[in-house]
Chemist: 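Pasting a structure here, questions to come.
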Amino acid sequence: LLSHSGYPEGVEITIVTYKETRPYNPAGGEKLAAALQLDLARAGVKANIKAYPWRQYKEALLNKEGNAFLYGWISDNCDPDNFLYTLLSSSQIESGLNTTHYRNNELDLLLASAQRETESTRREQIYREAVKIINRDSPLFVLNHSVRLYATSPAIEGFKPSPTGFTQLDAVKNK
């Protein structure tokens, strides 16, 4: 595919990543980037890795360093708005949360409409339309989703895992 697209010798890119582990990537950015580097090499893409401590990494993203970067997100309310608007709305470019610098006016209108919509079925339809645009344009690629494991016993009551990962333990008791 690279040769057909005018790159018979392959292509070289720089992946910018963070050095630390993150809740969504307990292995750390450098390990994930190295795994991607190996896969990309098999496809004819030479990937260089630039890893920074978190604060410098965020600065590198704002400065648009590299050709690709690793990023993650954890929802604090499980609402699609917390991902889609925050990470892909044009209005979030200046704040640095839309690290892809993706702009799409049609998507912006849909996301704003979803924020105002109170009817859940209609809101879901709006987000489905938004996801179609995002999938079509591919401003980002989702690599993984973290999994949380919990252990409990019949002697415990009141434990309810939270979909946000911030599980409250104040109601947990021994029977």
Side-chain angles (χ1 to χ4, degrees), residues 1-2 5 7 10-41 43-116 123-124 126-148 162-166:
L1 289 174
L2 285 173
S5 297
Y7 300 96
V11 73
E12 186 171 345
I13 66 168
T14 298
I15 299 173
V16 176
T17 190
Y18 45 90
K19 288 189 173 192
E20 299 86 354
T21 62
R22 303 294 298 167
Y24 45 78
N25 181 8
E30 287 180 290
K31 282 188 178 182
L32 180 55
L36 290 170
Q37 183 182 48
L38 289 173
D39 284 346
L40 289 168
V45 176
K46 181 181 189 301
N48 302 301
I49 299 170
K50 289 180 83 175
Y52 296 100
W54 187 252
R55 183 178 297 257
Q56 287 83 9
Y57 164 75
K58 295 291 284 184
E59 289 172 14
L61 293 182
L62 285 171
N63 294 330
K64 300 181 186 177
E65 275 190 39
N67 310 94
F69 59 90
L70 300 180
Y71 199 76
W73 193 255
I74 296 175
S75 174
D76 41 3
N77 63 19
C78 297
D79 190 279
D81 181 70
N82 188 244
F83 287 91
L84 303 181
Y85 178 82
T86 305
L87 299 177
L88 294 170
S89 171
S90 300
S91 67
Q92 298 298 302
I93 292 172
E94 284 297 314
S95 71
L97 292 173
N98 178 347
T99 52
T100 63
H101 299 271
Y102 172 70
R103 287 184 189 274
N104 182 304
N105 292 335
E106 183 183 5
L107 179 67
D108 289 340
L109 291 171
L110 283 171
L111 295 177
S113 174
Q115 287 178 330
R116 292 187 305 273
R123 195 164 186 262
E124 181 181 344
I126 294 169
Y127 281 122
R128 288 186 185 279
E129 291 175 43
V131 168
K132 285 179 186 176
I133 293 169
I134 295 164
N135 287 339
R136 179 194 69 212
D137 292 353
S138 300
L140 51 79
F141 296 98
V142 177
L143 297 176
N144 65 312
H145 186 282
S146 59
V147 176
R148 298 208 180 267
S162 167
T164 64
F166 302 109

Chemist: Any heavy-atom pair between the side chains of Ile93 and Arg103 that's under 4.5 Å?
Modeler: yes
Chemist: To the nearest 0.5 Å, what is the distance between OH on Tyr85 and CG on Leu107?
Modeler: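 Going from OH on Tyr85 over to CG on Leu107, the span is 11.0 Å.
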Chemist: What distance do Lys50 atom NZ and Gln56 atom CD have between them, rounded to the nearest 0.5 Å?
Modeler: 12.0 Å
Chemist: Roughly how far, to the nearest 0.5 Å, is the CG atom of Leu97 from the CG atom of Leu61?
Modeler: 11.0 Å
Chemist: Asn104 versus Arg136: any side-chain heavy-atom pair under 4.5 Å?
Modeler: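 Side chain of Asn104 against side chain of Arg136, heavy atoms only: contact under 4.5 Å found.
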Chemist: Side chains of Pro139 and Ile134: closer than 4.5 Å at any heavy-atom pair?
Modeler: yes
Chemist: I need the minimum non-hydrogen distance between Ala130 and Leu111, along with the two atoms involved.
Modeler: CB-CD2, 4.1 Å
Chemist: Quick one: pull up OG1 in Thr100 and NZ in Lys64 and give me the separation to the nearest 0.5 Å.
Modeler: 10.5 Å
Chemist: Any side-chain heavy-atom pair from Tyr7 and Leu1 closer than 4.5 angstrom?
Modeler: no
Chemist: Under a plain distance cut-off of 3.5 Å, with no hydrogens placed, do Asn48 and Lys46 share a side-chain donor-acceptor pair?
Modeler: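 Checked: Lys46/Asn48 side chains pair up, N/O donor to acceptor below 3.5 Å.
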Chemist: Would you check if the side chain of Thr86 reaches a backbone N or O of Asn82 as a donor-acceptor pair within less than 3.5 Å?
Modeler: yes
Chemist: Only pairs at least two apart or in different chains count here, so list each ring pair (Phe, Tyr, Trp, His ring centres under 6.0 Å) that has a residue in residues 12-32.
Modeler: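 Non-adjacent pairs meeting ring pair (Phe, Tyr, Trp, His ring centres under 6.0 Å): Tyr18-Trp54, Tyr18-Tyr57.
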Chemist: What class does the angle between the rings of Trp73 and Tyr71 fall in, given that below 30° is parallel, 30 to 60° is tilted and above 60° is perpendicular?
Modeler: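 Ring orientation, 0 to 90° scale: parallel.
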Chemist: Taking the side chain as every heavy atom from C-beta outward, state whether Leu40 and Ile15 have any pair of such atoms under 4.5 Å apart.
Modeler: yes
Chemist: What distance separates Ser138 OG from Ile133 CD1, expressed to the nearest 0.5 Å?
Modeler: 12.5 Å
Chemist: Report yes if the side chains of Leu88 and Leu140 come closer than 4.5 Å at any heavy-atom pair, otherwise no.
Modeler: yes
Chemist: Calculate, to the nearest 0.5 Å, the distance between atoms NZ and CD1 belonging to Lys31 and Ile49 respectively.
Modeler: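 Nearest 0.5 Å value for the NZ-CD1 distance: 13.0 Å.
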Chemist: Treating Gln37 as the side-chain partner and Ala47 as the backbone partner, does any N or O pair qualify as donor plus acceptor under 3.5 Å?
Modeler: yes
Chemist: Any idea which heavy atoms bring Asp108 and Ser90 closest together, and the distance?
Modeler: OD2-OG, 2.6 Å
Chemist: Please give me the minimum heavy-atom distance between Pro23 and Ile74, naming the atom from each residue.
Modeler: CB-CD1, 3.2 Å
Chemist: Less than 4.5 Å apart, side chain to side chain, heavy atoms only: is that true for Tyr102 and Leu87?
Modeler: no
Chemist: Given the rule in the side chain to side chain contact (heavy atoms under 4.5 Å, CB included) test, do Thr17 and Tyr52 qualify, once you have shown the distances and angles that lead to the verdict?
Modeler: CA-CA 6 Å; Thr17 190; Tyr52 296 100; over 6 Å; no
Chemist: Sequence neighbours left out, what passes side-chain hydrogen bond (donor to acceptor under 3.5 Å, both in side chains) with Glu59? Give chain and number order.
Modeler: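 Result, side-chain hydrogen bond (donor to acceptor under 3.5 Å, both in side chains) vs Glu59: none returned.
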Chemist: Is it the case that atom CZ in Arg55 sees more than 12 heavy atoms from other parts of the structure closer than 6.0 Å?
Modeler: no
Chemist: Quick one: do Arg123 and Asp79 make a salt bridge, cutoff under 4.0 Å?
Modeler: yes
Chemist: For side chain to side chain contact (heavy atoms under 4.5 Å, CB included), just list the numbers for Val11 and Asn67, CA-CA rounded to whole Å, side-chain angles, deciding distance to a tenth of an Å, and then say yes or no.
Modeler: CA-CA 11 Å; Val11 73; Asn67 310 94; over 6 Å; no
